[in-house]
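Data first, discussion second: the structure below is written as structure tokens.
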Amino acid sequence: MMANTAVTLENIVALCKRRGFIFQTADIYNGLNGVYDSGPLGTLMKENIRQAWKRSLKQLPYDIVFFDGALLGNEAMWAASGHVENFHDPLVECKACNARFRTDDVDLEKACARCGKKEWSESREFHMMFKTNLGASVEQASVAYLRPETAQSIFVNFKNIFSSSRVKIPFGVAQLGKAFRNEITPKQFLFRMREFEQMEMEFFCTREQSKELFDFWRAERLSFFTRIGITSERLRLRDHETDELSHYSSATSDVEYLFPFGWKELEGIAHRGNYDLTQHSKHSGKELSVFDESTKQSFIPDVVECSVGVDRLFLTLLFDAYVQEQLEKETRTVLRLHPVIAPIKAGLFPLVESLGEPFARLAKDLQGEGIEVQYDASGSIGKRYRRHDEIGTPFCFTYDYQSETDGAVTIRHRDSMQQERIAMDQIGLYLRTALMWK
Ligand code: GAP
């Protein structure tokens with residue numbers, strides 16, 4: 001299988017700006033490197049990604065509860081997790097122009113890509129957490145960090161969640177939210193950002209259960225991506241070599257996607273053992289074990305973690321869905337997004353504006369039901385189809401003169417471009433059925 005060669009990063013960046021998926025933050029002030037805003041369509045699509053992820057967890061035969069932790073954390077918490085000491089990347093600097101790069105991104109045998117000179121500094125470690133002080137004080141006690149992963153707030157709340165929710169080992173705690181990393185070289189658009197969003201799930205279990213559960217989650221997470229429409233041949237699982245493992249992990253597998261710039265991590269599935277809870281218990285002096293009724297013993301649970309970035313998945317979906325098709329007289333750009341992921345589920349077109357009333361009303365009804373449709377009455381029908389192809393709308397319905405008498409409308413399918421007639425009062429059911437998902 002090849003990467004999707006029909007698409008380049010430039011195509012995706014241009015489409016995102018043109019159609020309102022993603023904008024560079026503070027664009028009118030030349031932006032902020034590695035930080036992006038979501039436009040109207042991007043906001044809808046990201047919400048669909050979050051919902052699909054939540055639904056995928058809720059469908060499983062396990063207890064999984066949801067959690068929403070703070071973005072700021074105190075130094076003690078991040079010291080205990082090992083991030084204060086270990087969360088860094090190797091950095092090298094060009095002594096001639098002061099440009100800084102991740103050491104593994106440059107060939108030190110070659111000249112600096114920025115200034116053409118070859119005067120590299122020694123490689124050193126660069127700490128990637130954003131540090132700040134709370135309040136007016138700049139004392140050590142006021143130091144706080146923006147979280148570089150969502151996971152830790154789940155670990156430090158483990159006892160709160162366990163004792164307040166009706167859950168038993170094994171169970172999962174899932175969290176969705178922003179994370180911040182001062183990446184040395186943010187790149188490939190949404191692939192490596194400084195402010196991004198993660199969807200993480202920490203699954204607490206016994207040591208005996210952990211091996212089987214690690215295998216279960218590897219398979220389950222891989223399957224999730226194909227179920228939301230990503231081409232299965234462009235996905236693979238790759239086990240980490242021992243020297244690649246993070247400081248907390250005893251085994252990790254990545255779900256990788258074949259981007260135009262090569263196989264890259266989409267999601268990490270990590271066997272974290274009981275590293276995090278043990279660390280937090282030691283550093284806080286608080287008991288974080290649970291009692292096992294069958295063995296009558298207390299133990300600190302092991303954790304299998306699944307962690308994926310919303311933005312990286314968003315970028316993957318766009319790369320995978322983007323197709324340029326040569327038609328008889330033109331090239332059409334189409335995003336073949338799964339209906340569950342597509343930001344707009346249907347376009348509702350009156351053939352001419354004077355026929356608009358029934359579809360304008362239907363659009364409001366469907367939106368009120370939470371089905372995102374767009375009423376679109378301007379331009380030729382062909383132009384309206386192209387607009388919606390490019391943003392991935394799976395279905396377009398047209399209300400014409402005949403609809404006035406027979407109550408039927410034309411449905412046109414995005415991928416095949418085939419058209420058929422259906423009763424207008426069936427549109428809601430049709431869309432609800434298309435959005436059913438497992
Ligand atoms: N809690 C484990 C953890 O954070 P990670 O591999 O560093 O593990 C997990 O990150 C996922 O978060 C990655 O697989 C990726 O999808 C996303 N991610 C990580 N860093 C990112 C960045 N700088 N920009 C966008 N997404 C990122």
Side-chain angles (χ1 to χ4, degrees), residues 22 25 32-36 38 42 46 49-50 53 67 69 71 73 77-78 81-83 86-89 102 104-105 126 128-130 145-156 172-203 214 217-218 221-222 224-225 228 230 235-240 244-257 259 261 263-273 275-277 279 303-319:
I22 299 289
T25 266
L32 190 60
N33 202 1
V35 186
Y36 295 90
S38 299
K46 279 192 181 171
I49 291 173
R50 296 185 194 108
W53 178 76
F67 177 78
L71 306 187
M77 163 176 157
W78 293 110
S81 69
H83 284 79
N86 296 313
F87 202 66
H88 37 61
D89 266 353
R102 263 171 77 132
D104 46 9
D105 278 347
F126 174 77
M128 296 206 296
M129 279 204 288
F130 288 100
Y145 292 93
L146 280 174
R147 63 184 183 186
E149 61 169 17
T150 67
Q152 292 306 321
S153 54
I154 295 179
F155 298 133
V156 297
V173 182
Q175 176 169 206
L176 209 156
K178 291 266 182 164
F180 304 82
R181 295 183 188 181
N182 199 2
E183 298 282 357
I184 300 167
T185 36
K187 61 179 178 183
Q188 276 125 358
F189 193 35
L190 308 183
F191 185 82
R192 192 184 292 156
M193 305 157 78
R194 288 186 170 132
E195 175 181 334
F196 58 99
E197 198 175 331
Q198 287 187 316
M199 301 187 289
E200 300 202 291
M201 198 272 320
E202 311 300 323
F203 202 76
F214 182 61
W217 282 110
R218 288 165 85 240
R221 297 306 303 152
L222 181 66
F224 168 73
F225 296 114
I228 57 171
I230 298 178
L235 289 165
R236 71 176 186 192
L237 275 167
R238 187 182 70 80
D239 294 334
H240 278 210
E244 283 179 85
L245 294 173
S246 308
H247 61 273
Y248 50 75
S249 168
S250 53
T252 296
S253 280
D254 287 342
V255 177
E256 293 189 332
Y257 178 77
F259 289 93
F261 41 88
W263 286 102
K264 299 282 175 201
E265 173 183 345
L266 174 57
E267 168 154 353
I269 298 112
H271 191 314
R272 294 180 80 122
Y275 174 85
D276 303 274
L277 291 182
Q279 284 292 105
V303 171
V304 176
E305 173 188 74
C306 307
S307 173
V308 57
V310 174
D311 315 83
R312 195 173 289 183
L313 177 52
F314 181 96
L315 180 66
T316 306
L317 286 159
L318 292 185
F319 266 126

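First listed ligand is number 1; within each ligand, the first listed atom is number 1. Atom set for the values below is all heavy atoms of this structure, side chains included, hydrogens, waters and symmetry mates excluded.
Using cut-offs of 30° and 60° on the angle between ring planes, the pair Phe191 and Phe259 is perpendicular.
Between the Arg272 side chain and the Tyr248 main chain, no donor and acceptor come within less than 3.5 Å of each other. A donor-acceptor pair under 3.5 Å links the side-chain atoms of Gln175 to the main chain of Gly69, judged by distance alone. Remark: side-chain polar atoms of Asp276 are not paired, donor with acceptor, to backbone N or O of Gln152 under 3.5 angstrom. Looking only at distances, no side-chain donor or acceptor of Arg181 sits under 3.5 Å from a matching main-chain atom of Phe196.
Atoms of ligand 1 found under 4.0 Å from any heavy atom of Gly309, numbered from 1 in the order shown, are 11 (C), 12 (O), 15 (C), 16 (O), 17 (C). Counting atoms of ligand 1 from 1 in the listed order, those under 4.0 Å from a heavy atom of Glu305 are 1 (N), 2 (C). Near Arg192, meaning under 4.0 Å from any of its heavy atoms, are these atoms of ligand 1: 22 (C), 23 (N), 24 (N). In the vicinity of Glu183, heavy-atom distances shorter than 4.0 Å reach the ligand 1 atoms 23 (N). The Arg272 neighbourhood of ligand 1 comprises atoms 1 (N), 2 (C), with distances under 4.0 Å to a heavy atom of that residue.
Remark: among candidates Arg147, Met193, Glu149, Arg181, the nearest residue to atom 7 (O) of ligand 1 is Arg181, based on non-hydrogen atoms. Evaluated by nearest non-hydrogen atom to atom 3 (C) of ligand 1, the leading choice among Glu195, Glu197, Glu200 is Glu200. The nearest non-hydrogen atom to atom 13 (C) of ligand 1, considering only Glu265, Gln152, Met128, comes from Glu265.
Protein heavy atom in closest approach to atom 12 (O) of ligand 1: Gln198 NE2, 3.3 Å. Closest to atom 18 (N) of ligand 1 among all protein heavy atoms lies Phe196 CE1, 3.6 Å. When only non-hydrogen protein atoms are considered, atom 9 (C) of ligand 1 lies nearest to Ser307 OG, 3.0 Å. The protein heavy-atom contact nearest to atom 25 (C) of ligand 1 is Phe191 O, 3.2 Å.
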Handout entry: side-chain contact (heavy atoms from CB on, under 4.5 Å) assessment of Ile22 paired with Phe314
Key = CA-CA 10 Å; Ile22 299 289; Phe314 181 96; 3.7 Å; yes
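Cation-pi check for Arg236 over Trp263 is met; the charged atom lies under 6.0 angstrom from the ring centroid and within 45 degrees of its normal.
By the criterion of a heavy-atom distance under 4.0 Å, the side chain of Tyr248, and not its backbone, is placed next to ligand 1.
At least one N/O-N/O distance between Leu266 and ligand 1 falls below 3.5 Å.
Residues Asp254 and Gly268 approach most closely at OD1-CA, 3.6 Å, considering heavy atoms.
Evaluated for a salt bridge (charged side-chain N to carboxylate O under 4.0 Å, His left out) with Lys178, the options Glu200, Glu195, Glu149 yield exactly one hit, Glu195.
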